[in-house]
Amino acid sequence: MSQHFETNSIRISSSRSNQKEHSAPIYLTSSFTFDSAEEARATFAEELQGNIYSRYANPNSTDLIEKVCAAEGTEDGIATASGMAAMFASIASLLQQGDHVLAARSLFGSTHQLLTRVFPKWGITSTYGDISGYENWDKLVQPNTKMLFIETPSNPGLEIIDLEWAGKFAAAYNLILVVDNCFATPYLQQPARWGAHIVTHSATKYIDGQGRVLGGLILGKKELIKEVQFFTRHTGPAISPFNAWILSKSMETLGVRMDRHCQNALTLAEHFEGNRHLEDVKYPFLGSHPQHHLAVKQMSQGGGVVTLTVKGGVARAQRFIDQLEMISITANLGDSRSIITHPASTTHSKLSQEERERVGITNGLIRLSVGLEHPDDIIKDIEQALEKSK
Ligand SMILES: *Cc1c(COP(=O)(O)O)cnc(C)c1O
């Protein structure tokens, strides 16, 4: 196949029937037949390649995996029913009781719950490190540390972790480096290039792009994926063929959509920087972002999320949100429609105020997932809401 993201995302497709259809059909079937008892035996024994049962693999999920693997530069992968199923399976399948995970503090809310509430039940513990001082991380490694888990840019703080540092650090301590690449998408950033062994995705976000279906991906080196595959085949977080079909179809337009998401987000960030109603505007490709140098080193564009910190804390943030006329109030992101979220009172309300502050979630912080509407209309809606919420 070609080297280019755009072409691979459109042209890779192994799921064609003998009907010569031009576009991929949906293989809405739970199992697959064999021509003989011998073929069934050989397929189960993995002497023959072939589909067995959709909990194991399905042509639609294989299509999706092949496209995202080509984009990430990874060898193999698994598609799951949601992003969290992918986060869970990547940790649960590769670690065991007594193992320890080192993670960057700024993690997606449910990933934080997994590490602090779910895995300790099975004797897998974790420690958080702060990205403000990489020199302190050596002290956080324990004899039983097996995995380094990071997310960059982080949700919703938009912190950027140095992937080159992470790759070298993981190699030095023989850790499995897992990177949740959801925010950047494989179009903007490929963690495997910097040494990530496993790359995970919530495909629900930009890969879907219209807020319709849930899905997740676990990608990486063949030998690790084999281990994860054993786990997922027998525990059952398989993606539905329909959702895999939607997501594979969405990969065809991920590049053009991300170009526009990023262009709109940068336009908005530049427009609102210094606005008198705002304490802060954060976007990885703004020169004022604290890790701007890293963002431009490891990402081709800044992504589709901008954070705005309104003056006046929670009350003002909520007044502002209530005055929006077009932008949706919802917890999702990566949609064609612009979305606003107030993390302190919703997605991150379970964290204590202190925990929130440590990951940069102040009371006035607003996460804006910049959609594909005309940027002037998004700007106009925010401006009128800021004005009315004074
Ligand atoms: C949404 C999200 C997840 C979880 O994905 P689901 O598809 O909602 O299960 C994990 N990580 C990040 C960074 C996310 O934004």
If we ignore hydrogens and angles and just use 3.5 Å, is the side chain of E72 paired with the main-chain N or O of A192 as donor and acceptor? no

For the pair D76 and K226, evaluate salt bridge (Lys or Arg N to Asp or Glu O under 4.0 Å) and give the outcome as yes or no after the intermediate values. CA-CA 9 Å; D76 204 356; K226 221 175 158 49; over 6 Å; no

First locate atom CD1 of I329, then atom CD1 of I321, and finally report the distance between them rounded to the nearest 0.5 Å. 6.5 Å

Over 12 non-hydrogen atoms of neighbours within 6.0 angstrom of NZ in K221: no

For N264 and G371, indicate whether the former's side chain and the latter's backbone hold a donor-acceptor pair under 3.5 Å. yes

Strictly under 6.0 Å, is that where the ring centroids of H289 and F285 end up? no

Report the relative orientation of the aromatic rings in Y173 and F169; use parallel for angles under 30°, tilted for 30 to 60°, perpendicular for over 60°. tilted

Exactly one candidate in S248, S9, S250 meets side-chain hydrogen bond (donor to acceptor under 3.5 Å, both in side chains) with K67; the answer is S248

Check L217, I246, N58 against L64 for a side-chain contact (heavy atoms from CB on, under 4.5 Å) and give me the one that passes. L217

Heavy-atom count check: over 12 atoms from other residues, nucleotides or ligands less than 6.0 Å from R319 CZ? yes

When the aromatic ring centroids of F88 and F119 are compared, is their separation below 6.0 Å? yes

Measuring from R41:CZ to E38:CD, what's the distance to the nearest 0.5 Å? 4.0 Å

T145-H100 side chain donor-acceptor pair, cut-off 3.5 Å: yes

Can you see whether Y134 has K168 sitting over its ring - NZ or CZ less than 6.0 Å from the centre and within 45° of the normal? no

Taking the six-membered ring for Trp and the single ring otherwise, decide whether the centroids of Y128 and H112 are under 6.0 Å apart. yes

Hey, does the side chain of R316 reach the backbone of L386 with a donor-acceptor pair shorter than 3.5 angstrom? yes

May I ask you to check whether over 12 heavy atoms, not counting those of R16, lie within 6.0 Å of atom CZ? yes

Can any side-chain N or O of D99 pair as donor or acceptor with the backbone N or O of K146 at less than 3.5 Å? no

Can you measure from CE (M87) to OG1 (T111) and round to the nearest 0.5 angstrom? 5.5 Å

Side chains of S288 and E273 only: does a donor on one sit below 3.5 Å from an acceptor on the other? yes

Count the heavy atoms belonging to other residues, nucleotides or ligands that lie under 6.0 Å from CD of E21, then report whether that count exceeds 12. yes

Does I207 offer a backbone N or O that forms a donor-acceptor pair with the side chain of H201 under 3.5 Å? no

Just how far is it from atom CD of Q298 to atom OG of S300, taken to the nearest 0.5 Å? 11.5 Å

Please lay out, stage by stage, how F32 and Y56 fare under the test side-chain contact (heavy atoms from CB on, under 4.5 Å). CA-CA 11 Å; F32 299 84; Y56 283 31; over 6 Å; no

Over 12 non-hydrogen atoms of neighbours within 6.0 angstrom of CD in E223: yes

Please check if atom NZ in K388 has more than 12 non-hydrogen atoms from other residues, nucleotides or ligands closer than 6.0 Å. yes

Donor-acceptor pair, R367 side chain versus A331 backbone, under 3.5 Å? yes

About how many Å separate CG of N60 and CG of N243, when rounded to the nearest 0.5 Å? 10.0 Å

Ignoring hydrogens and angles, state whether a donor on the side chain of E159 or S106 is under 3.5 Å from an acceptor on the partner side chain. yes

For the pair F5 and Y187, name the ring-plane relationship: parallel under 30°, tilted 30 to 60°, perpendicular over 60°. tilted

After noting the C-alpha distance and the side-chain angles of D63 and S13, does the key distance pass the side-chain hydrogen bond (donor to acceptor under 3.5 Å, both in side chains) rule? CA-CA 5 Å; D63 257 11; S13 191; 3.0 Å; yes

Close side-chain approach of M326 to I378, heavy-atom, < 4.5 Å: yes

Would you give the length of the straight line joining atom CG of L214 to atom CG of L247, rounded to the nearest 0.5 angstrom? 9.0 Å

I'd like to know if the side chain of N181 and the backbone of V199 have a donor-acceptor N/O pair within less than 3.5 Å. no

With distance as the sole test, does K311 use its side chain to make a donor-acceptor pair with the main-chain N or O of E279 at under 3.5 Å? no

Evaluate the side-chain proximity of H261 to S369: yes if any heavy-atom separation is below 4.5 Å, no if none is. no

Give a yes or no on this: more than 12 heavy atoms of other residues, nucleotides or ligands lie within 6.0 Å of atom CG of N174. no

Going through the checks in order, is the salt bridge (Lys or Arg N to Asp or Glu O under 4.0 Å) test met by E355 and R105? CA-CA 9 Å; E355 281 178 309; R105 189 179 303 280; over 6 Å; no

Residues K249, E252; criterion salt bridge (Lys or Arg N to Asp or Glu O under 4.0 Å); working and verdict: CA-CA 6 Å; K249 187 166 80 62; E252 297 182 17; over 6 Å; no

Side-chain H-bond candidate by donor/acceptor type, T7 with R11, under 3.5 Å: no

